[in-house]
K.L.:
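Questions regarding the structure given below will be posed in turn.
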Amino acid sequence: MHFLKAITLAALLGTAVVNPAMAGKADDTLRVAFVEEILELDYNYTTKREYIIIADLIDENLFEINPETNAFEPAVATGYEYIDPLTIEVKLRDDVTFHNGQKLTARDVAYTYNWIIDPESESHPGPGHATWLKSAEVVDDYTVRFHLLNDYPLAIRDLATRVSIRPENTYHVDGKVVRNAAALEPVGLGPYRVVSFEPGQELVLERYDGYYSNSPKGDVPIDNIVIRTIPDIGTQQAELMSGGIDWMYNVPLDVAQSVEGLPMVEHLSGPDLRVSFVVLDAAGLTDPDGPLTNRQVRQAMNHAVNKADIAQYLVGGSAEPIHTPCHPAQFGCDTSIQDYPYDPEVGRQLLAEAGYPDGFPLDLWAYRDRSIAEAVAADFEKIGIDVNLRYVQLASLDQARANQEIPAYIGTWGSGGTADTALIANIHFNATTDRNLSGDEKLTELVLAAEATSDQDERRRLYTEALTIIADEAYWVPLVTYSVNYLINSELNFPLNADGLPRLYSASWK
């Protein structure tokens, strides 16, 4: 064992002995630690995976996606029917209540969806839904009709994933628009309600006694969940071993392996639909004549990265190198497209042929997984690229990207746990998103066409054409799939799902 790691482990074991365990099982409270700060609770205005995990606890969708079968199951809706190709009628249960005791009706659902697609809402799911949803209409107390702009085969999927339903007029207070009205105290429909929330510090949830029966989420076994922001993994590890927390997420592989075999801790490793990649400014948004506008340069960068080592040594578990701008398990993710095998010598040759025999300076931005970012930067440097790694908070990266100030960045995407290429292609290659640095209008046409047909074979063909262009032009440097490492209290049962989304409501005590 590495000397420093041995010292750290000894210190942790000492802490575990000195401090009496605060076993979550004793007071039926699951204590969770996140590295990322939780600053608000309204998933209609957030994006990160941690917010998805929280939304799964406090919010509910019309339908739920079964993580094992990917089938859509009724949640607060009882079912749906296509009245015609552009009209979907959804029936609601009549026994669902919000956390304030108010009954859910069609007015709440219609209000939420009409608000989400209103440009004034500036919501995160708004732009995606506005491409297919025209309006939501109340038919009666428990019936809503969704009017579509076009034939959209993924409509039910979208009704099962992204929008958190809010009580009517949530975002309109005294006649004024209040976009952050649900940021701190959302009134949700999920199995847990918010008891208290200190942004950036702690969220306390308790089981909602009025949660509707026969939910696809089932009867939640644990009464209380406390989610704390603990930015330092070492501190999280110490708290886990002393009983201060019961569950750690996205644990670095070496940290997880360092405590394997200890009686109070269990290491779990599960699959994830998240992938990582380097996005390159092929369009020349930061520099019209910059090196990244040259296809040979981008191809050289694809040959430069040792993805297999990153997958094996930095992610571990079931992680694999990829050459596709999507997860291979997703529908439409054609793995027969162009691959660029790891070959630094070919990378250097391509740079020379492109007119950069001595390389060039590059600002490479990143916001998570520092070890992966440093490995990618080191590999680029081996072919002559002088990398300035700019490791920042996600908000800073988002702002810089919106201002077209980023020539290259390392991104990750989990597709909301949905095994369909649409969930990554639309977000990153639609002309309306600042994530699209390709400048390729044909890509947008293909991505949108794939979402405008119900013919699955045609969708698959369109995605193959789009992915082929991305690979041939080397718009991205795809990196690896993820495998999520957890450290948990050994008294906790925590099921792992194929889609990689941690469902805290399914945890139970042994």
Side-chain angles (χ1 to χ4, degrees), residues 21-46 48-61 75-76 95-104 108 112 164-167 170-171 173 178-213 215 217-231 235-236 239-240 242-249 488-489 491-494 501-509:
M22 298 178 291
K25 186 176 182 179
D27 61 0
D28 202 14
T29 299
L30 172 61
R31 293 176 173 85
V32 170
F34 285 160
V35 168
E36 297 288 337
E37 285 188 315
I38 304 303
L39 300 176
E40 60 178 282
L41 302 177
D42 189 355
Y43 186 43
N44 291 331
Y45 287 90
T46 58
K48 290 189 293 188
R49 177 58 64 96
E50 289 79 7
Y51 291 111
I52 300 176
I53 297 170
I54 292 172
D56 225 21
L57 297 171
I58 64 178
D59 290 318
E60 205 79 355
N61 299 113
V76 299
D95 60 347
V96 178
T97 61
F98 289 98
H99 295 158
N100 62 2
Q102 173 186 327
K103 257 199 167 186
L104 170 72
D108 305 306
T112 300
S164 295
I165 300 169
R166 300 280 175 246
T170 289
Y171 303 104
V173 181
V178 182
R179 296 184 186 87
N180 64 347
L184 302 182
E185 298 182 56
V187 179
L189 296 165
Y192 288 89
R193 71 174 191 88
V194 177
V195 175
S196 64
F197 177 47
E198 298 176 58
Q201 297 184 51
E202 183 179 86
L203 169 64
V204 179
L205 306 173
E206 71 176 8
R207 178 161 46 187
Y208 174 51
D209 290 337
Y211 187 56
Y212 65 101
S213 60
S215 158
K217 293 179 180 178
D219 296 326
V220 295
I222 295 177
D223 277 345
N224 309 290
I225 298 178
V226 176
I227 298 174
R228 295 168 53 198
T229 297
I230 305 178
T235 303
Q236 286 192 19
E239 290 232 19
L240 178 68
S242 65
I245 62 172
D246 304 296
W247 187 93
M248 295 171 59
Y249 168 61
I488 67 172
N489 182 335
E491 291 190 300
L492 186 70
N493 284 312
F494 185 68
L501 180 65
R503 291 170 169 82
L504 291 172
Y505 61 78
S506 65
S508 61
W509 303 112

K.L.:
Take a 6.0 Å sphere around CG of Asn493 and say whether it holds more than 12 heavy atoms from other residues, nucleotides or ligands.
P.N.:
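Yes, enclosed.
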K.L.:
Could you tell me whether a side-chain N or O of His99 sits under 3.5 Å from a main-chain N or O of Tyr192, the two making a donor and an acceptor?
P.N.:
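Yes; at least one donor-acceptor contact below 3.5 Å.
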K.L.:
Answer yes or no: is there an ion pair linking Glu60 with Lys217, defined by an N-O contact shorter than 4.0 Å?
P.N.:
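Yes, charged N to carboxylate O under 4.0 Å.
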K.L.:
Got a second to check how far Gln102's CD is from Leu189's CG, nearest 0.5 Å?
P.N.:
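Going from the CD atom of Gln102 to the CG atom of Leu189 covers 9.5 Å.
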K.L.:
Using 0.5 Å steps for rounding, measure from the CD1 atom of Ile38 to the OG1 atom of Thr229.
P.N.:
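Result: 5.5 Å between the selected atoms.
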K.L.:
At what distance, to the nearest 0.5 angstrom, does CZ of Arg49 lie from CG of Leu501?
P.N.:
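Nearest 0.5 Å value for the CZ-CG distance: 5.5 Å.
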K.L.:
Would you compute the distance between atom CZ of Arg228 and atom CZ of Phe34 and round it to the nearest 0.5 angstrom?
P.N.:
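Answer rounded to 0.5 Å: 13.0 Å.
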K.L.:
What do you reckon, is CD of Glu206 surrounded by more than 12 foreign heavy atoms closer than 6.0 Å?
P.N.:
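Check passes, neighbour count above 12.
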K.L.:
Do the side chain of Gln236 and the main chain of Ile230 share a donor and acceptor less than 3.5 angstrom apart?
P.N.:
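Judged by distance alone, yes, a pair lies under 3.5 Å.
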K.L.:
I need the Ser506 OG to Phe494 CZ distance, nearest 0.5 Å.
P.N.:
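Taking OG in Ser506 and CZ in Phe494, the distance rounds to 5.5 Å.
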K.L.:
I need the minimum non-hydrogen distance between Arg179 and Tyr45, along with the two atoms involved.
P.N.:
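That would be O-CE1, 3.5 Å.
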K.L.:
Among Val194, Leu41, Val32, which one satisfies side chain to side chain contact (heavy atoms under 4.5 Å, CB included) with Leu205?
P.N.:
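For Leu205, the side chain to side chain contact (heavy atoms under 4.5 Å, CB included) test succeeds with only one of Val194, Leu41, Val32, which is Val194.
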K.L.:
Looking at every heavy atom in both Val187 and Arg166, which two are closest together, and how far apart are they?
P.N.:
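That closest heavy-atom pairing would be O-NH1, 3.8 Å.
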K.L.:
Checking Asp223 side chain against Asp28 main chain: does a donor-acceptor pair fall under 3.5 Å?
P.N.:
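Judged by distance alone, no pair lies under 3.5 Å.
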K.L.:
If you look at every heavy atom in Leu57 and Pro191, which pair is closest and at what distance?
P.N.:
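For Leu57 and Pro191, the tightest heavy-atom pair comes out as O-CD, 3.1 Å.
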K.L.:
Run through Thr97, Val76, Leu104 and flag the one making a side chain to side chain contact (heavy atoms under 4.5 Å, CB included) with Tyr212.
P.N.:
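The passing option is Val76.
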K.L.:
I'd like to check the salt bridge (charged side-chain N to carboxylate O under 4.0 Å, His left out) partners of Lys103; sequence neighbours left out, ordered by chain and number.
P.N.:
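In terms of salt bridge (charged side-chain N to carboxylate O under 4.0 Å, His left out), with neighbours along the sequence ignored, Lys103 is linked to no residue.
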K.L.:
Taking the side chain as C-beta and beyond, is there a heavy-atom pair between Trp509 and Ile222 under 4.5 Å?
P.N.:
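Yes - at least one pair of side-chain heavy atoms lies under 4.5 Å apart.
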K.L.:
Please report the closest heavy-atom contact between Asn61 and Ala75, naming both atoms and the distance.
P.N.:
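Reported closest heavy-atom pair: O-CB, 3.2 Å.
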K.L.:
Identify, with sequence neighbours excluded, every residue that meets salt bridge (charged side-chain N to carboxylate O under 4.0 Å, His left out) alongside Asp108.
P.N.:
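Expected list: none.
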K.L.:
Below 4.0 angstrom, N of the basic side chain to O of the carboxylate: do Asp246 and Lys25 qualify?
P.N.:
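No, Asp246 and Lys25 are not salt-bridged.
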K.L.:
Compare every heavy atom of Ile165 with every heavy atom of Phe98, then report the nearest pair and how far apart it is.
P.N.:
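Phe98 and Ile165 have their closest heavy atoms at CE2-O, 3.7 Å.
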K.L.:
Determine whether Tyr51 and Leu39 make a side-chain contact, defined as any pair of heavy atoms from C-beta on separated by less than 4.5 Å.
P.N.:
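In contact.
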K.L.:
Once rounded to the nearest 0.5 Å, what's the spacing between atom CG of Leu240 and atom CZ of Arg31?
P.N.:
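One gets 12.5 Å once the value is rounded to the nearest 0.5 Å.
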K.L.:
Tell me, do Tyr249 and Leu504 make a side-chain contact under 4.5 Å, heavy atoms counted?
P.N.:
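No. Closest side-chain heavy atoms not under 4.5 Å.
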K.L.:
Is a side-chain N or O of Tyr208 found less than 3.5 angstrom from the main chain of Ile58, in a donor-acceptor match?
P.N.:
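Absent.
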K.L.:
Which pair of non-hydrogen atoms, one from Leu492 and one from Trp247, has the smallest distance, and what is that distance?
P.N.:
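Minimum heavy-atom separation between Leu492 and Trp247: CD2-CD1, 4.2 Å.
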